[in-house]
Amino acid sequence: MRIHLCGVRGSTPAPGPEFVRYGGHTSCMAIAHDGGAPRLILDAGTGLRQVTGLLGGAPFTGTIVLTHLHWDHVHGLPFFTAGDRPEARVTLLLPEQATQGEGSAGAEEVLARGMSPPHFPIRPSGLRGTWSFCSLAPGVFKAEGFTVEAREVPHKGGRTFGYRVSDGHSAIAYIPDHCPTALGPGPEGWGEYHPAALGLAAGVDLLIHDSFLLPDEVAAEASFGHPAADYAVGLARRARARHVLLTHHKPDRTDDALDALAARFRPDPRVTVAAQGQLIDL
Ligand SMILES: [Zn+2]
Ligand SMILES: [Zn+2]
């Protein structure tokens with residue numbers, strides 16, 4: 001599989017000269033089978049706009065899977081030109097929320113709470129093309145020729161899933177928003193290495209994980225719902241993931257600060273700091 005990193009920023013976009021090398025778009029990964037166009041998209045942050053450029057003028061045909069509904073994971077949706085055109089065919093899957101209604105109407109309705117007048121001119125069903133909106137429960141399903149496993153992980157404010165995606169040859173785990181300290185301090189103080197996280201990451205070729213905080217920020221800021229980068233590296237080690245990609249960077253984390261983060265982990269060749277525009281072939 002080929003993974004396009006279309007947005008690696010957390011919380012809110014980060015434009016400006018200090019954010020050029022790692023990029024300012026919020027969470028979005030586009031996955032293709034070898035040699036093909038992206039068909040499976042993980043999260044619809046502002047990085048979703050980058051996917052249009054990957055399609056060479058073609059409409060998007062495929063599936064978008066959301067980890068949760070926070071702004072930095074959905075705000076690209078109405079600006080996804082390749083998906084908002086008559087020939088597009090899009091299935092959008094989101095974690096079923098405790099407060100939503102039944103079936104597909106419920107999925108569109110819960111998404112529309114943040115995307116409808118007066119917050120935004122149209123609601124999700126107003127996008128052009130053929131869109132279907134569906135809720136997901138934890139479990140395993142097939143999408144666009146990939147096997148996807150969804151497990152609930154602790155975060156803050158709304159139900160959040162992490163995903164494991166496999167094409168039968170390679171496997172990745174995608175956990176961009178994760179608050180393991182909500183379950184306790186764990187062995188090093190970075191949070192619990194709990195069964196859902198360990199199960200998603202077990203033996204994967206690539207763990208793509210939330211690395212929002214630095215260790216000295218955890219005490220004051222973990223209550224916002226994120227871990228230190230050190231947790232991501234610790235999880236990869238315990239789950240025997242072959243590589244870990246640190247993502248969902250704090251919006252004020254400059255290129256220089258992310259270089260420093262990379263330098264801190266550099267002795268370990270299995271750790272990479274995610275940059276927008278990066279391509280990963282597995
Ligand atoms: Zn986020
Ligand atoms: Zn979030």
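In each ligand, atom 1 is the first atom listed, and ligand 1 is the first ligand listed. Note that the structure is predicted; figures quoted are calculated from it, not measured. Heavy atoms only: backbone and side chains are in, while hydrogens, waters and symmetry mates are out.
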Open item on the list: To make sure I understand the geometry: which N, O or S atom in Asp177 is closest to the Zn ion (ligand 2)?
Closed with: OD2

Open item on the list: Report the atom name of the nearest N/O/S atom of His68 relative to the Zn ion (ligand 2).
Closed with: NE2

Open item on the list: Any salt bridge linking Arg238 with Glu188? Criterion: basic side-chain nitrogen under 4.0 Å from a carboxylate oxygen.
Closed with: yes

Open item on the list: Taking the basic N atoms (NZ, or NE/NH1/NH2) and the acidic carboxylate oxygens, is any pair closer than 4.0 Å for Asp256 and Arg21?
Closed with: yes

- [ ] To 10°, measure the NE2(His248)-the Zn ion (ligand 1)-NE2(His73) angle for me.
- [x] 110°

- [ ] Examine distances only and state if a side-chain atom of Thr52 and a backbone atom of Ala82 form a donor-acceptor pair shorter than 3.5 Å.
- [x] yes

Open item on the list: I'd like the atom name of the N/O/S atom in Asp72 lying closest to the Zn ion (ligand 1).
Closed with: OD2

Open item on the list: Quick test of your reading of the model: are Asp230 and Arg264 salt-bridged, counting only N-O distances below 4.0 Å?
Closed with: yes

- [ ] Say whether, by atom type as modelled, one donor and one acceptor occur between the side chain of Arg39 and the main chain of Thr61 under 3.5 angstrom.
- [x] yes

Task: Atom of His70 closest to the Zn ion (ligand 2), considering N, O or S atoms - done: ND1

